[in-house]
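Inspection log for the structure reproduced underneath, given as C-alpha cells.
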Amino acid sequence: MQIDQLLVLVVEPSRMQRKVIVTSLNRLGVSDIEEFDSAQPALERMKLITPDIVLSSMHLPDMTGTELVHEMRENSELQDVTFMLVSSETHYRYLEPIRQSGAIAILPKPFDEKDLARALNSTLSYIDTHTDAEDEQFESLRVLLADDSKLSRKYLRQTLESISIHQIDEVENGAQALQQLEDHTYDLIISDYNMPEIDGRELTEHVRSDSNQPSVPILMVTSEQNTATLAAIQNAGVSALCNKPLLYDNFRSIIRHLLKEI
C-alpha cells in the first residue's frame, strides 16, 4: 500500500486543529480523509467502512480518546485499525491506557510533521506485513511475551507473527514468566516493565542471575519516563529497551537485530 491509498479518519472537536491536521496529511500525500468533531459519529462511520488509521484528539465532546480506542478494540472489525493520538494532554492517567492499547504514536500539539510522517510510514509497514525470505530463519524460534495489558500483547504478537514467529507463549506478569522459564527454553523474552507481582526489571535480574537461560536476549518495552528508572532497567541486563507507544518499523527492526545475534 502507498501513502496516497490510506483512508484516515480525523476526530478533532476544534475546526482549526482539524484543518492543521488535514493540511499536514495532505502535504504528506494522504488525500482520503474523513473529518469528525466527536467520537460517536466516527464510530458509526467505522461500521460502514474500515479506515486504515484513526487520528484523534484526547478530549472529545462525547468521550475521551482513550475511550474511543477501547471502543474500537472491543469491535472485532476495528481491533486491528491503527490509532494515533494528537493531544496536548500530558497526564499519566490519560496517556498510559493509550500507550498500552498499541497506539502507533502519541503526538503533541503542536506536532512536528516529521513525526507524523514517521507514524504514517509505520502504519504502512503494519498494514503491509508480509513474510520475507530473510525471516524464514525465525520460524523455529520460541518467544516468551510478558505484559499485563491484553491489548499490548495482541499488538506485540502481531508484530512477531509478521516476521514468521508463531511459537509465542503469553503471560500476564513476571511471576508467570518465571514459571514458564522453568518449563521451557526460549530464544527471546519480550517483557513490559510495569507488571504486577514481579516487574520487568526483577524478571530480568532473575533471568540473568538465577535461571538456566542467563544469556537469552531480553527486550524491555515500557512507557516509563523516569531517567533513573530507565537506567536501572538497563543495568539489570536487558538486551534492548523500546518505548511505548511502539513505532512498528523500529520494534520489528530491534527484534530482527536481537534474533540474528542468536
Side-chain angles (χ1 to χ4, degrees), residues 1 3-46 49-75 78-127 149 151-152 155 221-223 225 242-251:
M1 177 178 281
I3 198 166
D4 59 359
Q5 297 174 300
L6 288 173
L7 170 59
V8 179
L9 267 58
V10 176
V11 189
E12 167 59 63
S14 165
R15 181 179 299 178
M16 182 181 69
Q17 288 294 331
R18 284 203 310 276
K19 183 178 180 180
V20 170
I21 293 169
V22 170
T23 299
S24 291
L25 289 170
N26 288 157
R27 277 199 295 261
L28 293 170
V30 181
S31 56
D32 198 354
I33 305 168
E34 297 191 15
E35 302 177 39
F36 300 89
D37 59 10
S38 56
Q40 200 58 50
L43 287 168
E44 291 298 319
R45 177 58 173 159
M46 283 185 250
I49 186 168
T50 303
D52 297 303
I53 184 167
V54 172
L55 196 156
S56 175
S57 176
M58 172 60 80
H59 299 290
L60 305 167
D62 48 356
M63 63 179 72
T64 65
T66 302
E67 292 167 332
L68 171 58
V69 71
H70 277 272
E71 288 270 350
M72 292 169 57
R73 297 302 184 241
E74 290 297 318
N75 186 324
L78 302 175
Q79 61 184 4
D80 295 332
V81 173
T82 54
F83 184 90
M84 186 189 312
L85 183 75
V86 179
S87 176
S88 56
E89 181 62 64
T90 59
H91 199 288
Y92 178 88
R93 177 169 66 92
Y94 287 105
L95 295 183
E96 184 61 13
I98 296 288
R99 294 189 180 102
Q100 298 293 346
S101 70
I104 205 79
I106 298 177
L107 303 182
K109 289 182 179 176
F111 58 84
D112 189 321
E113 203 166 278
K114 291 180 180 178
D115 292 332
L116 177 60
R118 279 194 289 269
L120 291 176
N121 287 326
S122 187
T123 298
L124 290 172
S125 297
Y126 181 74
I127 293 170
S149 167
L151 292 176
S152 182
Y155 179 77
V221 293
T222 179
S223 57
Q225 302 296 313
C242 195
N243 292 326
K244 293 182 180 180
L246 304 169
L247 274 177
Y248 182 75
D249 281 344
N250 292 348
F251 182 65

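Given the structure is predicted, the values throughout are model-derived calculations rather than measurements.
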Value rounded to 0.5 Å, distance of [atom1] in [X] from [atom2] in [Y]:
| X | Y | atom1 | atom2 | answer |
| --- | --- | --- | --- | --- |
| S24 | K19 | OG | NZ | 12.0 Å |
| T23 | R18 | OG1 | CZ | 12.0 Å |
| L9 | I49 | CG | CD1 | 8.0 Å |
| L25 | I33 | CG | CD1 | 4.5 Å |
| E89 | I106 | CD | CD1 | 10.5 Å |
| H59 | S88 | NE2 | OG | 7.0 Å |

Looking at every non-hydrogen atom in both residues, tell me the closest pair between [X] and [Y] and how far apart they are.
| X | Y | result |
| --- | --- | --- |
| I98 | A103 | O-CB, 3.4 Å |
| V11 | A42 | CG2-CB, 3.8 Å |
| G65 | S56 | CA-OG, 4.3 Å |
| I53 | T123 | CD1-OG1, 3.6 Å |
| L78 | P51 | CD2-CD, 4.5 Å |
| M46 | L68 | CE-CD1, 4.5 Å |

Subject >> Whether over 12 other heavy atoms sit under 6.0 Å from E44 CD >> reply: yes
**OP:** Go through V8 and D52 one step at a time and tell me if the side-chain contact (heavy atoms from CB on, under 4.5 Å) criterion holds.
**Re:** CA-CA 6 Å; V8 179; D52 297 303; 6.0 Å; no
Is the shortest heavy-atom distance from the side chain of [X] to the side chain of [Y] under 4.5 Å?
| X | Y | value |
| --- | --- | --- |
| S152 | K244 | yes |
| L116 | M84 | yes |
| Y155 | T82 | no |
| E35 | V22 | yes |
| P41 | D62 | yes |
| M63 | Q40 | yes |
| L85 | L95 | yes |
| F36 | L60 | no |

Subject >> V54 vs M72, side-chain contact (heavy atoms from CB on, under 4.5 Å): CA-CA, chis, key distance, verdict >> reply: CA-CA 10 Å; V54 172; M72 292 169 57; 3.7 Å; yes
[X] (side chain) donor-acceptor with [Y] (main chain) under 3.5 angstrom:
| X | Y | result |
| --- | --- | --- |
| E67 | T64 | yes |
| N75 | Q79 | no |
| D32 | L6 | no |
| R73 | V81 | yes |

